[in-house]
Amino acid sequence: MSIASQLHTIQQSLPSEVTLVAVSKTKPIPDLMEAYATGQRVFGENKIQEMTEKWQAMPKDIEWHMIGHVQTNKVKYMVPYVKLIHGVDSLKLLLEINRHAVRWRKHISCLLQVHIAEEDTKFGFDAAEVSALLQSEEYKVLTNVHVIGLMGMASYTDQQDQIKREFDQLKSLYDTLAPQYPQFTTLSMGMSGDYALAIACGSTMVRIGSSIFGTR
Ligand SMILES: *Cc1c(COP(=O)(O)O)cnc(C)c1O
């Protein structure tokens, strides 16, 4: 099936309140343009250099999301154009994003990445660290970054009950924080293999790559 028809099928299956991030990492610009031509405007990349090259080459009404691990020394390259950074996993990174955002007079939205997978290879905070960060004085004085929710990745497994447990855990953390932080709007969870389950568990944003663009 073509990219356009895959995208169409997925769009049709999503509830209207769920945002689709088309994860285009490693894919060539013509593939992204095919998705763009069908109306897709939100793209996710996991490398700053690749995202910057695509941003330069592509129409400027695209919303670029950084979904990968971010090194603090590269933040400056994406600040001029990035819309949402999904994988914030340290206060240090948030401070660095804010510093560059102030310089560029930009406001950048961020999600805190929470470690939910049982495997220990994935980045992220635990629940206590998320609360501590949001309550810290250092966070409260940041003017140009806005934490609008949480992001998580479930274990890479076909055990549906385990994936569900991990998504439920993230949703319940989100639900405890959301009443205290009115800017919380976004729970980013779900990829090609598990997005239907993620939505059933309360996701508001899914990050889908291979089901749209084919295997990498
Ligand atoms: C690559 C990636 C995705 C998309 O994965 P698919 O299985 O291709 O849908 C989603 N989220 C993150 C953080 C990724 O790195």
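Along the sequence shown, the residues carry numbers beginning at 1. Just follow the structure's listing: the first ligand is 1, and inside any ligand the first atom is 1.
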Which atoms form the tightest heavy-atom contact between G149 and Y174, and what is the distance? CA-CE1, 4.2 Å

K25 heavy atoms within 4.0 Å reach ligand 1 at atoms 1 (C), 2 (C), 3 (C), 14 (C), 15 (O)

Where's the contact between H86 and ligand 1, heavy-atom distance under 4.0 Å: side chain, backbone, both or neither? neither

Taking C-beta and beyond as the side chain, do L150 and L177 meet within less than 4.5 Å on heavy atoms? yes

Is S210 close to ligand 1, meaning an N/O of one under 3.5 Å from an N/O of the other? yes

Starting from atom 13 (C) of ligand 1, find the nearest protein heavy-atom neighbour and note its residue, name and distance. I67 O, 3.5 Å

Enumerated ligand 1 atoms positioned under 4.0 Å from heavy atoms of M153: 13 (C)

In terms of atom number and element, which parts of ligand 1 are under 4.0 angstrom from non-hydrogen atoms of G209? 4 (C), 6 (P), 8 (O), 9 (O)

Looking at every heavy atom in both Q113 and F123, which two are closest together, and how far apart are they? NE2-O, 3.3 Å

Interfacing atoms of ligand 1 (cut-off 4.0 Å, heavy-atom, R207): 4 (C), 9 (O), 10 (C), 11 (N), 12 (C), 13 (C)

Check for me whether R216 has a heavy atom closer than 4.0 Å to any atom of ligand 1. yes

Would you say S211 and ligand 1 have an N/O pair spaced under 3.5 Å apart? no

Minimum-distance protein heavy atom relative to atom 5 (O) of ligand 1: M191 CE, 3.5 Å

Can a donor-acceptor pair be found between the side chains of Y156 and D194 at a distance below 3.5 Å? no

For the residue pair C110 and L94, what are the closest heavy atoms and their distance? SG-CD1, 3.9 Å

Which atoms of ligand 1 have any heavy atom of S192 under 4.0 Å away? 6 (P), 7 (O), 8 (O), 9 (O)

Donor-acceptor pair, S2 side chain versus S5 backbone, under 3.5 Å? yes

Students often mix this up, so state it plainly: with edges at 30° and 60°, are the rings of H107 and H146 parallel, tilted or perpendicular? parallel

Any non-hydrogen atom of N46 lying under 4.0 Å from ligand 1? no

Please list, in number order, the atoms of ligand 1 under 4.0 Å from a heavy atom of I208. 9 (O)

For the backbone of M58 and the side chain of K60, can you confirm whether one donor and one acceptor N or O come within less than 3.5 Å of each other? yes

Thinking salt bridges, do K54 and E50 make one under a 4.0 Å N-O criterion? yes

